[in-house]
*Asks:* 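Before anything else, here's the structure in question.
Lettering of chains follows the sequences in order, A, B, ..., and the numbering in each one begins at 1. The structure displayed is predicted, hence computed values, not measured ones.
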There are 4 protein chains.
Amino acid sequence: MLRAVRAELLESGVEGLTVDRVAQRSGVHRATVYRRWGDVGGLLADAVRAARDSAWTPPDTGSLAGDLTALAEEVVGAHQGRPTLAVALLAASFRSEAAATELNGFWSDRLGAAVAVVERARSRGEVPEGTDGEAVVLAVTGPLLQSVLLLGRPVAEPDVEGLAARVAAAAAAGLLG
Amino acid sequence: MLRAVRAELLESGVEGLTVDRVAQRSGVHRATVYRRWGDVGGLLADAVRAARDSAWTPPDTGSLAGDLTALAEEVVGAHQGRPTLAVALLAASFRSEAAATELNGFWSDRLGAAVAVVERARSRGEVPEGTDGEAVVLAVTGPLLQSVLLLGRPVAEPDVEGLAARVAAAAAAGLLG
Amino acid sequence: MLRAVRAELLESGVEGLTVDRVAQRSGVHRATVYRRWGDVGGLLADAVRAARDSAWTPPDTGSLAGDLTALAEEVVGAHQGRPTLAVALLAASFRSEAAATELNGFWSDRLGAAVAVVERARSRGEVPEGTDGEAVVLAVTGPLLQSVLLLGRPVAEPDVEGLAARVAAAAAAGLLG
Amino acid sequence: MLRAVRAELLESGVEGLTVDRVAQRSGVHRATVYRRWGDVGGLLADAVRAARDSAWTPPDTGSLAGDLTALAEEVVGAHQGRPTLAVALLAASFRSEAAATELNGFWSDRLGAAVAVVERARSRGEVPEGTDGEAVVLAVTGPLLQSVLLLGRPVAEPDVEGLAARVAAAAAAGLLG
DNA sequence: GAATAAACGAGACGGTACGTCTTGTCTTAGC
DNA sequence: GCTAAGACAAGACGTACCGTCTCGTTTATTC
């Protein structure tokens with residue numbers, strides 16, 4: 001059922017998504033979609049929730065810089081190159097209030113999970129005790145997302161690596177406490 | 001003319017924006033809107049372009065940390081609290097390809113202007129020679145935008161100040177070169 | 001439903017007929033009209049078909065001349081004096097191909113029914129065996145319709161009677177075989 | 001100028017005729033058309049008037065039956081086979097009151113000219129003195145026009161000849177006085 | 001095994017927005 | 001002074017989508 005929504009989002013984006021087409025693709029009548037989700041908003045919210053519920057664990061490469069690089073590449077890759085599910089879900093959050101709330105939850109969940117990367121670094125002694133995990137992660141993903149989503153700039157691997165290395169160094173220097 | 005678009009965007013958001021209502025509000029016939037902008041997309045693109053064309057100069061408080069704080073507060077203020085023009089324009093960029101391109105230009109313009117803050121800091125000797133102005137600005141705005149737009153977290157003044165101060169310190173330490 | 005179409009045709013003619021007004025008059029939404037008739041043409045065609053489907057029997061006065069007179073008066077009356085449904089339907093046939101086909105059917109049906117008048121005259125011995133019924137009817141209605149519709153000449157009762165009598169005489173003389 | 005109107009009428013019929021296209025085809029600006037004809041109706045009326053003004057003389061074959069046959073064939077030929085100028089002008093008369101009046105004049109003129117055929121027959125002694133010329137002509141063209149225009153029946157040459165012969169015979173018998 | 005509740009397929013409907021197309025009026029220049 | 005160029009108001013057209021609804025049918029579930 002949600003497969004159909006995802007497929008439609010990928011094919012036609014959020015603007016091209018239609019209850020009719022979702023219904024037809026999932027072999028179900030349009031009325032049934034309304035009965036179960038009540039709304040296009042609900043449909044979109046559920047699609048975001050599905051993404052949110054899918055299990056995810058942060059990378060573990062052995063070093064903070066490596067983890068941050070891997071993390072950032074994943075984030076960038078998901079938002080780079082237009083017909084992307086992540087971008088479609090982001091667009092969906094502007095069409096449906098419920099989807100927006102769900103998307104906030106998605107990012108909160110992922111951020112909460114991603115701080116483990118910093119925890120591990122701290123337990124390895126790479127960064128000082130009071131280091132703010134969220135600040136570290138946001139210091140990497142924030143600028144990259146702004147580049148990709150708002151500036152429309154393609155971000156290449158070396159950029160990501162460089163940024164991750166600099167953030168790791170700043171964290172090691174105790175500047176992100 | 002664009003006043004009407006802006007007003008509609010503020011009142012009803014991008015989803016509630018209608019060619020009919022824009023036309024009526026600006027005292028013009030619907031056909032005229034189509035003649036001049038061809039499309040809802042063109043209308044939105046032009047609204048973004050108008051924002052882009054409005055003059056803007058980065059703050060000048062005398063210190064890098066102060067400038068970055070002022071800059072960041074402006075950015076956060078424009079995207080915090082839902083019925084905001086900036087958010088509506090962002091939403092518009094997901095409805096119209098042309099608006100998206102225009103929005104990228106907007107952010108590029110603003111970023112280009114904002115690096116002057118770092119230039120000034122360098123000429124004052126606050127930061128070393130090779131400091132990357134864009135990296136400095138993005139280090140402040142990126143995480144904040146991610147917080148506000150994606151995480152849905154309200155960002156308060158002390159958060160902004162603290163982040164600006166840390167980025168200024170990192171730049172002074174030559175970590176953003 | 002078709003009552004509304006007829007009323008609009010009578011009031012404003014075919015040029016003034018609008019899907020919107022038909023819909024409003026029949027207490028139905030515009031979209032429903034499009035769903036059911038697809039087209040203004042379809043609407044007109046159906047109006048003609050309704051006229052075609054309405055039962056009709058030729059007059060029976062006891063004599064061929066009397067029948068032809070009554071028949072002709074009916075035809076003339078339906079096309080004389082501008083705001084006439086028959087004229088509006090004729091106009092409709094120039095706006096919609098489907099309506100034109102339907103109108104042809106209407107006239108064929110009526111002609112087919114009208115020849116009964118001649119059949120009866122034959123069985124009464126008023127006209128010889130091989131008399132062509134259609135030719136008799138057309139000899140009366142054709143010239144009159146040309147007068148009313150093409151020449152724009154008002155046709156009065158005596159004209160009709162005179163013509164009917166002459167045609168009846170010609171038929172009796174075996175000239176319409 | 002009127003060439004363009006005629007060409008458009010032939011190509012697209014009255015429904016497809018547009019002031020814009022007429023103007024463009026005649027190499028003139030749309031505003032000029034309005035200045036000179038004021039109205040689409042005026043344009044159509046003028047097209048009909050042009051047809052009316054074109055010289056026409058009835059056929060002269062030497063016999064009444066021959067003349068009537070030739071006359072009828074001309075009339076039928078002008079209205080048979082859909083994309084016909086005569087039919088388009090007829091359709092135009094349903095779109096414009098002025099064109100309708102003009103068309104009535106056209107038919108009156110032609111009828112007035114056509115009675116010469118009967119005059120000649122009378123002077124040749126083919127028909128009695130009091131024969132009604134108009135009645136003779138209408139007896140031929142009326143039924144044929146009803147067949148072609150209203151019944152939608154194709155009319156072939158033998159039909160025309162037969163009818164003309166019968167009418168000539170009736171006239172000779174003094175039945176059309 | 002029959003009765004009944006719940007979900008479903010099908011499809012009409014009211015309502016809105018979109019974008020296109022004509023018509024007829026008008027203003028501004030140019031020849 | 002007529003004309004080209006073209007903007008404009010008005011409004012019909014036909015399409016697409018949304019969300020609601022009714023109606024009949026199929027499942028389950030329960031007695």
Side-chain angles (χ1 to χ4, degrees), chain A residues 1 8 12 14-24 26-44 95-96, chain B residues 1 8 12 14-24 26-44 95-96, chain C residues 1 8 12 14-24 26-44 95-96, chain D residues 1 8 12 14-24 26-44 95-96:
Chain A
M1 320 259 183
E8 284 293 331
S12 339
V14 127
E15 297 300 322
L17 181 138
T18 292
V19 173
D20 254 311
R21 280 164 60 179
V22 168
Q24 195 169 350
S26 61
V28 141
H29 194 264
R30 202 163 51 86
T32 303
V33 175
Y34 281 109
R35 248 186 296 261
R36 290 217 277 229
W37 283 280
D39 210 338
V40 167
L43 204 61
L44 295 175
R95 189 166 163 189
S96 150
Chain B
M1 319 258 183
E8 284 293 332
S12 340
V14 133
E15 297 299 322
L17 181 137
T18 291
V19 172
D20 254 310
R21 278 165 62 178
V22 168
Q24 195 170 348
S26 61
V28 142
H29 193 265
R30 198 163 56 86
T32 301
V33 175
Y34 281 110
R35 208 173 304 120
R36 289 217 277 228
W37 285 280
D39 210 340
V40 169
L43 206 60
L44 296 175
R95 188 164 164 192
S96 149
Chain C
M1 319 259 183
E8 284 292 331
S12 338
V14 135
E15 297 298 321
L17 181 138
T18 293
V19 173
D20 254 310
R21 279 166 62 181
V22 168
Q24 194 169 348
S26 63
V28 142
H29 197 265
R30 195 165 59 88
T32 300
V33 175
Y34 282 110
R35 240 187 303 265
R36 292 217 275 229
W37 285 280
D39 210 339
V40 169
L43 206 59
L44 295 175
R95 190 166 164 189
S96 149
Chain D
M1 318 262 181
E8 285 291 331
S12 338
V14 128
E15 297 299 320
L17 180 139
T18 292
V19 173
D20 254 311
R21 280 164 61 178
V22 168
Q24 195 169 350
S26 62
V28 142
H29 193 263
R30 202 161 53 86
T32 302
V33 175
Y34 280 109
R35 212 171 300 120
R36 291 219 276 232
W37 283 280
D39 211 339
V40 167
L43 204 61
L44 295 176
R95 188 165 164 191
S96 149

*Asks:* Specify the separation, in whole Å, of atom CZ of B/Arg35 and atom C1' of F/dC8.
*Replies:* 5 Å

*Asks:* For D/Gly16 versus D/Arg21, what's the shortest heavy-atom pair and its separation?
*Replies:* O-NH1, 3.5 Å

*Asks:* Please compare C/Gly27 and B/Asp39 by the position of their nearest nucleotide in DNA chain E and report the one closer to 5'.
*Replies:* C/Gly27

*Asks:* At less than 4.0 Å, is any side-chain N or O atom of D/Thr32 found next to OP1 or OP2 of F/dA4? Yes or no.
*Replies:* yes

*Asks:* Separation of A/His29 atom NE2 from F/dC23 atom P, in whole Å?
*Replies:* 16 Å

*Asks:* As an exercise, state the distance from CG of B/Asp20 to CZ of B/Arg30, rounded to the nearest 0.5 Å.
*Replies:* 5.0 Å

*Asks:* If you pin C/Val28 and B/Gly38 to their nearest nucleotides in DNA chain E, which one's is more 5'?
*Replies:* C/Val28

*Asks:* Hey, does the side chain of D/Arg21 come within less than 4.0 Å of E/dT22's phosphate (OP1/OP2), counting only N and O?
*Replies:* no

*Asks:* The side chain of A/Ala31 is closest to which nucleotide in this list: E/dT25, E/dG11, F/dC13?
*Replies:* E/dG11

*Asks:* Would you say D/Thr18 places a side-chain N or O within less than 4.0 Å of OP1 or OP2 belonging to E/dC21?
*Replies:* no

*Asks:* Any idea which heavy atoms bring D/Trp37 and D/Leu43 closest together, and the distance?
*Replies:* CD2-CD1, 3.5 Å

*Asks:* For B/Gln24 and E/dC18, give me the distance from atom CD to atom P, rounded to whole Å.
*Replies:* 13 Å

*Asks:* For residues C/Gly41 and C/Ser96, report the shortest heavy-atom separation together with the two atoms involved.
*Replies:* O-OG, 3.3 Å

*Asks:* Any side-chain N or O of B/Arg95 below 4.0 angstrom from OP1/OP2 of E/dC18?
*Replies:* yes

*Asks:* Pick base, sugar-phosphate or nothing for B/Arg36, based on heavy-atom distances below 4.0 Å to the nucleic acid.
*Replies:* sugar-phosphate

*Asks:* C/Trp37 has an atom CH2; how far is it from atom C1' of F/dT15, in whole Å?
*Replies:* 18 Å

*Asks:* What is the distance, rounded to the nearest whole Å, between atom CD of B/Glu15 and atom P of E/dT16?
*Replies:* 17 Å

*Asks:* With heavy atoms under 4.0 Å as the rule, sort A/Leu17 into base, sugar-phosphate or nothing.
*Replies:* sugar-phosphate

*Asks:* Examine F/dA9: is either OP1 or OP2 under 4.0 Å from a nitrogen or oxygen in the side chain of B/Arg30? Give yes or no.
*Replies:* no

*Asks:* Can you measure D/Asp20 atom CG to F/dA7 atom P for me and round it to whole angstrom units?
*Replies:* 13 Å

*Asks:* To the nearest angstrom, how far is B/Tyr34 atom OH from E/dT20 atom C1'?
*Replies:* 9 Å

*Asks:* Measure from the side-chain N and O atoms of B/Arg95 to the backbone N and O of B/Val14, and report whether any donor-acceptor pair falls under 3.5 Å.
*Replies:* yes

